[in-house]
Amino acid sequence: MNNINNLHRIKKSSSYRKVAIAACFGTFLEWYDFLTFATLAVVFGPLFFPSNDPTSGLLASLATFGVGMVVRPLGAALFGSMGDRIGRKPVFMITITLMGIATVGVGFLPTFEQVGIWAPIFLVSLRLLQGLSAGGEIGGSAIYLTEHAGEKNRGFKTSFLQLMGPLGILASTLQIALLEYWLTAEEFQSWGWRVPFWVSLGLLLLAFQARKALEETPVFLELSKVGRPSQSQLANNFKDPEIRKRMFLLFFCVSSSGAILFFCVQVYTAIFLKTTLKLPLELVDQLSIYGTLVLFPLTIFAGWLSDRLGRRPVILSGLLLGTVLIRPAYRALEYFGTAFMQTHDQYNIFGILFMLTALSLALSLVVGPQTALLAELFPAKNRNSAATLPHNLAAGWIGGLLPLIITWLNQASGNSLAGLWYPTIFLCYASAIAIFALPETNKINLLQ
């Protein structure tokens, strides 16, 4: 009997690893596609939004990035509802196909010099398609993976999904850094920037093949036995006061705060170092790679810790740390970056690395338990639509517009740090609400 039980556990473990690898690879591709655009925001400015004022071109480029984030809630509403009705797996196949088509298309776009105003129109259109796709994928993948994870060590098992965003940035940044090293500035500006988008075609084919072999989640299969919902659960979510309350908590305290920290740590730091402090592009790429690598073990540790201490205390720690840290950390980045440009003293680089590590710790404490929490907050029949809409609304409207808002506030005030009051105040309010209202969800039965 023991041998049979051991064999069953081995098969179950092997099956989960297969599911996790396929789900994570697909989500990595979504993030790689989505964030390559952010990494190249500085390049897109003169190519698609030429202007005598470089800051205006950068703002237009960041606004185009933000447009893709703004429509994510529409994708979440559409595909989240479909996930509750037709299953988690079919939605996976649709979203990854749409993202791949949109991203490869960016790599073949003509520039403003070639077709005029049609260039930014085409770019924004493909960005909208990317946003719709990401809305169905990011959040839905968390539900899929968590429903396969079982009851034990769920926070640890699902925390790996949160690495796909940083890994997508790492792959994109490393690839762009290599292209900038191999190519001249003129070659990169002419055609080199297109290569990351072309590469996504091969990744898409691999991810599509891996996902074809995936199985539907055990939770959805159980729901199917008693009859699939014939109508969308999205409207029902807003009628139920408990679900409505939890959607608000997910939006404000977890997903918005995680998105703010993610874009402050993983996206805006690179923009800040490049455009405000004027650090060499190669150095900023190296610092970005370090900031991503240090996030990996911290995120997995936070997921593991949430299995021991609970989701609530770990997430609260990240919110509070982020609140008190963002402005001092960026002020320190400004100090060390300016000192390096003046003296080229390598000790200043260590100061920048320390600040990036501290910011990454705050981010990891929020996002490490986040995948499991997304599913644990809601009942099974409403889960996909109830979790994906507030999650993508937060990531799209709060996190996605963060670089644009901060840059605009900085420009309007003439102070390079003024815009950082926005994420600081938001995290302060989120911390206060979470202290009084965020429930503990660890150990909850996902079939309920």
Intermediate values then yes/no, ring pair (Phe, Tyr, Trp, His ring centres under 6.0 Å), Phe252 and Phe426: CA-CA 9 Å; Phe252 202 83; Phe426 193 102; 4.7 Å; yes
Heavy-atom side-chain contact between Ile398 and Phe251 under 4.5 Å: yes
Verdict with reasoning, Arg327 to Thr424, per side-chain hydrogen bond (donor to acceptor under 3.5 Å, both in side chains): CA-CA 7 Å; Arg327 276 186 58 82; Thr424 299; 5.5 Å; no
Under 3.5 Å donor-acceptor, Arg312 side chain and Glu440 backbone: no
Asn442 side chain to Asp307 backbone, donor-acceptor under 3.5 Å: yes
Neighbour count >12 (heavy atoms, 6.0 Å) for atom CZ, Phe350: no
Test side chain to side chain donor-acceptor pair (under 3.5 Å) applied to Tyr330 - qualifying residues, sequence neighbours left out: none
Atom pair CD1 (Ile300) and NZ (Lys157), whose distance is rounded to the nearest 0.5 Å: 14.5 Å
Side chains of Leu363 and Leu295 in contact at under 4.5 Å (non-hydrogen atoms): yes
Summary of ring pair (Phe, Tyr, Trp, His ring centres under 6.0 Å) pairs that have at least one residue in residues 293-329, sequence neighbours excluded: Phe301-Trp304
Any residue meeting side chain to side chain donor-acceptor pair (under 3.5 Å) with Gln162, in chain and number order, not counting sequence neighbours: Gln370, Thr371
Under the ring-ring contact (aromatic ring centres under 6.0 Å, His included) test, residues paired with Phe336 that sit two or more places apart: none
Sub-4.5 Å side-chain heavy-atom contact between Asn415 and Asn410: no
Atom of Val367, atom of Gly258 and distance for their closest heavy-atom approach: CG1-CA, 4.3 Å
Whether Thr276 side chain and Leu273 backbone form a donor-acceptor pair below 3.5 Å: no
Tyr422: ring-ring contact (aromatic ring centres under 6.0 Å, His included) partners, not counting sequence neighbours: none
Arg383 side chain to Phe378 backbone, donor-acceptor under 3.5 Å: yes
Non-neighbouring partners of Arg154 that pass salt bridge (Lys or Arg N to Asp or Glu O under 4.0 Å), sequence neighbours left out: Glu151, Glu376
Pairs flagged by salt bridge (Lys or Arg N to Asp or Glu O under 4.0 Å) wherever residues 414-439 is involved - sequence neighbours left out: none
Gap between atom CD of Gln411 and atom CD1 of Ile406 - 0.5 Å precision: 14.0 Å
Student check: side-chain heavy atoms of Cys264 and Leu402 closer than 4.5 Å: yes
From Thr103 atom OG1 to Leu201 atom CG, the distance as rounded to the nearest 0.5 Å: 10.5 Å
Residues that Ser256 engages under side chain to side chain donor-acceptor pair (under 3.5 Å), provided they are two or more places apart: none
Candidate pair Arg308 and Asn153, rule side-chain hydrogen bond (donor to acceptor under 3.5 Å, both in side chains), full reasoning: CA-CA 9 Å; Arg308 272 71 190 164; Asn153 297 325; 3.2 Å; yes
Nearest-0.5 Å distance, NZ of residue Lys443 to NZ of residue Lys152: 8.5 Å
Side-chain donor or acceptor of Ser133 paired with backbone N/O of Thr95 under 3.5 Å: yes
Heavy-atom side-chain proximity of Leu305 to Phe156 below 4.5 angstrom: no
Ile326 side chain reached by Leu261 side chain, heavy atoms, under 4.5 Å: yes
All ring-ring contact (aromatic ring centres under 6.0 Å, His included) counterparts of Trp198, not counting sequence neighbours: Phe108
Side-chain touch Val366/Val314, heavy atoms, less than 4.5 angstrom: no
With Thr292 via side chain to side chain donor-acceptor pair (under 3.5 Å) - residues at least two apart: Gln266
Any side-chain heavy-atom pair of Leu249 and Pro439 under 4.5 Å: yes
side-chain hydrogen bond (donor to acceptor under 3.5 Å, both in side chains) contacts touching residues 356-366 (sequence neighbours left out): Tyr290-Thr357
Reported CD1-to-CG distance for the pair Ile315 and Leu320, which is rounded to 0.5 angstrom: 12.0 Å
Pairs meeting criterion salt bridge (Lys or Arg N to Asp or Glu O under 4.0 Å) with involvement of residues 355-366, two or more places apart: none
Distance, nearest 0.5 Å, that separates CG of Leu109 from CG of Leu47: 11.0 Å
